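Below is one structure. I have some questions about it.
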Amino acid sequence: MSRSVLLVDDDGGILTVLSRFFEKRDWSVLRAATGARALDHYGAERPDLVLLDLQLPDMNGLPVLRRLRELDEDARVIMLTGHGDIETAVEAMRLGAANFLTKPIELDHLGAIIEGQEERIALRRRVRAATDGGPELASDLGPSEGMRAIADRIDRIAAGDGTVLLQGETGTGKGWVARRIHDHSDRRGRPFVEVNCGGLSATFLDSELFGHEKGAFTDAKDRKEGLFEVADGGTIFLDEIGDLSPELQPKLLKVLENRRFRRLGGTREIAVDVRLIAATNRALEDQVRSGGFREDLYYRLNVLPLELPALRDRSPDDVAWLAHRILAELADAINGGPTTFSDDALRLLVQYDWPGNIREMRNVLERILILAGDTEQITRSRLPAEMRSGPKADRGEPMTLEEVERRHLARVLERTEGNRSQAARLLGISRAALYDKMDRFGLRAVGR
C-alpha cells in the first residue's frame with residue numbers, strides 16, 4: 001500500500017509543485033484548498049502525512065491542526081507558512097505539529113524532512129498491523145471474571161447477525177472489538193468497512209455512506225457508490241455514531257429497517273445486506289432526552305449493546321495483563337527493545353488513571369520501546385514524568401497488586417456512594433464477585 005499525503009493550501013501553484021514532488025516518490029496525494037475540506041478528507045481517508053498551510057481562506061491553520069490531532073492523536077502534520085514567526089512555530093509544535101516550514105519551500109529541505117517521517121510512518125503501519133489485526137491477538141481481554149465475561153459476550157454477539165452498539169470512553173478498544181465481531185461472524189471474508197462519523201459535514205458523510213449521482217452537488221462530476229454498497233454482504237462499522245447529524249439519522253434508520261436507501265441526488269432505491277456495528281463514547285440516552293438523537297434510531301441501534309470499561313475501572317490484574325500483552329506485540333513489531341517491566345514500573349502503570357485508556361497505553365509503550373535501545377527491562381525511569389510524579393506515584397515501598405486492587409475497589413465504592421450494583425458494573429464483574437472481594441478486603445458499603 002502506497003503512503004498517502006494530504007496537501008492543504010489555497011495556492012494552486014504550490015499544490016501543483018508539492019503534488020509532483022510526492023507523486024515522483026510514489027505517494028498517493030490528496031488536495032484541499034480549505035480547512036473544512038481538509039478535515040473532511042482526513043476523517044474519510046486518514047492519510048499518513050499532512051502538509052498544512054497556516055493561512056487558509058476559511059480559517060487559520062492552527063485550529064485545523066488542533067482538530068486533526070483530536071481526530072487522530074497520532075496525526076503527522078507539517079505546518080507551512082509565509083510568515084515564519086517564532087511564536088506561531090512554537091504554538092504549532094505545542095499543538096503537536098511534527099515540523100514547521102516557511103515559504104518559499106525548499107524542496108531539498110522538504111525531502112530531508114520527509115525521509116525522517118518515512119521511518120516513523122512505516123513503524124506506525126507495522127504497529128497498527130500487529131495490534132489491530134483482530135482475534136489472533138488474544139483469546140480474551142483479561143484474566144478477571146468481568147473481562148472474560150465481556151470476551152464471551154463478544155463471541156456470542158459474533159455468532160448472531162443483529163445490530164451492535166459498542167459504548168465506552170475513547171481508547172477503550174471499540175474498533176478492535178468491532179473487527180473481532182466481524183472476523184468471528186459468518187460474514188468474515190466479506191468486506192469490513194469503517195467510517196468515523198465525527199468531524200464530517202452532513203453532505204460529505206451522506207455521500208460517503210450512501211453515494212451520490214452525477215450532478216448531485218457542485219463537485220459531483222461522476223456517480224459514486226456509497227460505503228453501504230461497498231460493504232454489501234459484510235459489516236459496516238460506524239464509529240462516533242453520537243456525532244451523526246440530525247439530517248442523516250432518518251436515512252440511517254430507514255437502512256436499518258428496510259435495508260434500502262437512495263444515493264444522494266438519486267431516485268432509485270438500492271438494497272443491501274449489511275450488518276451494522278455502531279460505537280460511541282457519548283451517552284446516547286442523554287442525547288435522546290435532550291433531542292439531539294432520535295429515540296427510534298437509538299432503539300434500532302441498541303439491539304445488542306456492549307459497554308467496554310475504562311482502564312481505571314478494570315482490575316489491576318487486567319491492566320497488568322494488558323500492559324504485558326501490548327508490550328509483547330510492540331516488541332515483535334519493532335523487532336527489539338525491552339520485553340518485561342520492573343516491579344516498580346508495573347506498579348506505576350497499574351496505578352495510573354490512563355485517561356486515554358488502551359490507546360494511551362499503547363502510545364506510551366511504543367514511545368518507550370523506540371527510545372529504549374537494547375535494554376531488557378522497562379524501569380521506572382523510562383516512564384513519563386506524569387506517571388513517576390503523579391499523586392498516585394508514591395515514593396514509599398512498592399505495593400503488591402493485591403493492595404492496588406483493594407485500594408481501587410475502595411475508590412470505586414466511594415465513587416458510587418456504596419451502590420454495589422453500579423460498582424460491579426464499573427468494575428466489569430458480577431455482584432457475587434464484588435461481594436467476595438469486599439469480604440476478602442474487609443470493605444463495607446451501603447446501598448443496593
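Quantities reported herein were computed from a predicted structural model and do not represent experimental measurements. The figures here come from the full heavy-atom set of this structure, side chains too, leaving out hydrogens, waters and symmetry mates. By convention here, the first residue in the shown sequence is residue 1.
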Quiz prompt | Side-chain touch I241/L252, heavy atoms, less than 4.5 angstrom | solution =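 Yes. Closest side-chain heavy atoms under 4.5 Å.
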- Query: Stepwise, does the side chain to side chain contact (heavy atoms under 4.5 Å, CB included) test hold for L256 with L297?
  - Reply: CA-CA 9 Å; L256 288 173; L297 177 56; 3.8 Å; yes
message: Test of understanding: with side chain to side chain contact (heavy atoms under 4.5 Å, CB included), list the residues that count as partners of A231, not counting sequence neighbours.
response: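 Checked A231 against side chain to side chain contact (heavy atoms under 4.5 Å, CB included); matches are V193, I236, V274.
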On a heavy-atom basis, the closest approach of D53 and L56 is O-CG, 3.7 Å
Donor-acceptor pair, R314 side chain versus P309 backbone, under 3.5 Å? yes
When rounded to the nearest 0.5 Å, the distance separating CG of N302 from CG of L284 is 8.0 Å
Non-hydrogen side-chain atoms of I105 and F21 separated by less than 4.5 Å: no
Self-check item: salt_bridge(R289, D286) N-O dist < 4.0 Å
Solution: yes
Is K437 close to S315 at the side-chain level, that is, under 4.5 Å between some pair of heavy atoms?
->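 No - every pair of side-chain heavy atoms lies 4.5 Å or more apart.
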Fill in: Face-on cation placement of R362 at W176 ring, 6.0 Å and 45° thresholds
no
- Does the side chain of S185 pick up a donor-acceptor pair with the side chain of R275 at under 3.5 Å?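 Not at all, the side chains of S185 and R275 share no donor-acceptor pair under 3.5 Å.
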- Sub-3.5 Å donor-acceptor pair from the side chain of D273 to the main-chain atoms of G233, do we have one? no
Could you tell me whether the side chain of S4 and the main chain of D48 form a donor-acceptor pair under 3.5 Å?
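Yes; at least one donor-acceptor contact below 3.5 Å.
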Between the CG atom in D206 and the NZ atom in K251, the distance rounded to the nearest 0.5 Å is 4.0 Å
- Task: Flag yes if more than 12 heavy atoms outside R20 fall under 6.0 Å of its CZ atom; otherwise flag no.
- Result: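 No, because the 6.0 Å sphere around CZ of R20 holds 12 heavy atoms or fewer from other groups.
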Within the distance-only criterion (no hydrogens, no angle test), does the side chain of H324 pair as donor or acceptor with the backbone N or O of A320 below 3.5 angstrom?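 Looks like yes, one N/O pair under 3.5 Å.
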Problem - Short side-chain to backbone donor-acceptor contact, W354 and L349, under 3.5 Å - result: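 Yes; judged by distance alone, with no hydrogens or angles, the pair exists.
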When rounded to the nearest 0.5 Å, the distance separating CG of L244 from SG of C197 is 5.5 Å
Quiz item: Just by distance, do the side chain of S207 and the backbone of T203 share a donor-acceptor pair under 3.5 Å?
Solution: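 Checking the backbone N and O of T203 against the side chain of S207, no donor-acceptor pair under 3.5 Å is found.
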Check your understanding: Got I157 and H184 here, is their nearest side-chain heavy-atom distance under 4.5 Å?
Key -> no
Between A178 and F192, the two heavy atoms sitting closest are O-CE1, 3.7 Å
> Of the non-hydrogen atoms in L52 and V77, which two are nearest, and what is the gap between them?
Replying inline: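 The answer is CB-CG1, 4.0 Å.
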request  = Please determine if R312 and E169 form a salt bridge, counting it only when a charged side-chain N lies under 4.0 Å from a carboxylate O.
outcome  =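 E169 and R312: salt-bridged.
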| said: Tell me whether E194 is salt-bridged to R46, with the criterion being a basic N under 4.0 Å from an acidic carboxylate O. | reply: no
Does G226 offer a backbone N or O that forms a donor-acceptor pair with the side chain of E229 under 3.5 Å?
yes
So the ring pair (Phe, Tyr, Trp, His ring centres under 6.0 Å) pairs with at least one residue in residues 246-305 (sequence neighbours excluded) are F210-F261
Please determine whether a side-chain nitrogen of the Lys or Arg among R31 and D9 lies less than 4.0 Å from a carboxylate oxygen of the Asp or Glu. no
Between D161 and R187 (salt bridge meaning N to carboxylate O under 4.0 Å), is one present in this structure?
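A salt bridge links D161 with R187.
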Quiz item: Roughly how far, to the nearest 0.5 Å, is the NE2 atom of H41 from the CG atom of L39?
Solution: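 One gets 11.0 Å once the value is rounded to the nearest 0.5 Å.
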Hey, does the side chain of R263 reach the backbone of I270 with a donor-acceptor pair shorter than 3.5 angstrom?
-> no
Close side-chain approach of V303 to L165, heavy-atom, < 4.5 Å: no
Q. Does CG belonging to D186 count more than 12 external heavy atoms closer than 6.0 Å?
A. no
Verdict with supporting geometry, D239 and L166, side chain to side chain contact (heavy atoms under 4.5 Å, CB included) = CA-CA 9 Å; D239 200 4; L166 304 175; over 6 Å; no
Salt-bridge criterion met for R67 and E70 (N-O under 4.0 Å):
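Salt bridge: yes.
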Report yes or no: does Q287 contribute a side-chain atom to a donor-acceptor pair with the main-chain N or O of G242 at less than 3.5 Å? yes
Report task. Give the intermediate values and the outcome of salt bridge (Lys or Arg N to Asp or Glu O under 4.0 Å) for residues R190 and D232. Result -> CA-CA 8 Å; R190 301 294 296 165; D232 192 22; 5.9 Å; no
Between the CG atom in L327 and the CE atom in M361, the distance rounded to the nearest 0.5 Å is 10.5 Å
When rounded to the nearest 0.5 Å, the distance separating CZ of F100 from CD1 of I113 is 11.0 Å
Between F341 and L365, does the side chain to side chain contact (heavy atoms under 4.5 Å, CB included) criterion hold? Intermediate values first, please.
CA-CA 11 Å; F341 301 95; L365 295 180; 3.9 Å; yes
Item to check | Any donor-acceptor N or O pair under 3.5 Å, side chains S144, D318 | outcome: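 A donor-acceptor contact under 3.5 Å links the two side chains.
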Margin query: Run the side chain to side chain contact (heavy atoms under 4.5 Å, CB included) test on T235 and R179 for me, step by step, so that the C-alpha distance in whole Å, both residues' side-chain angles and the decisive distance to 0.1 Å come before the verdict.
Written below: CA-CA 9 Å; T235 303; R179 184 76 203 206; over 6 Å; no
Q) Donor-acceptor pair, R382 side chain versus L369 backbone, under 3.5 Å? A) no
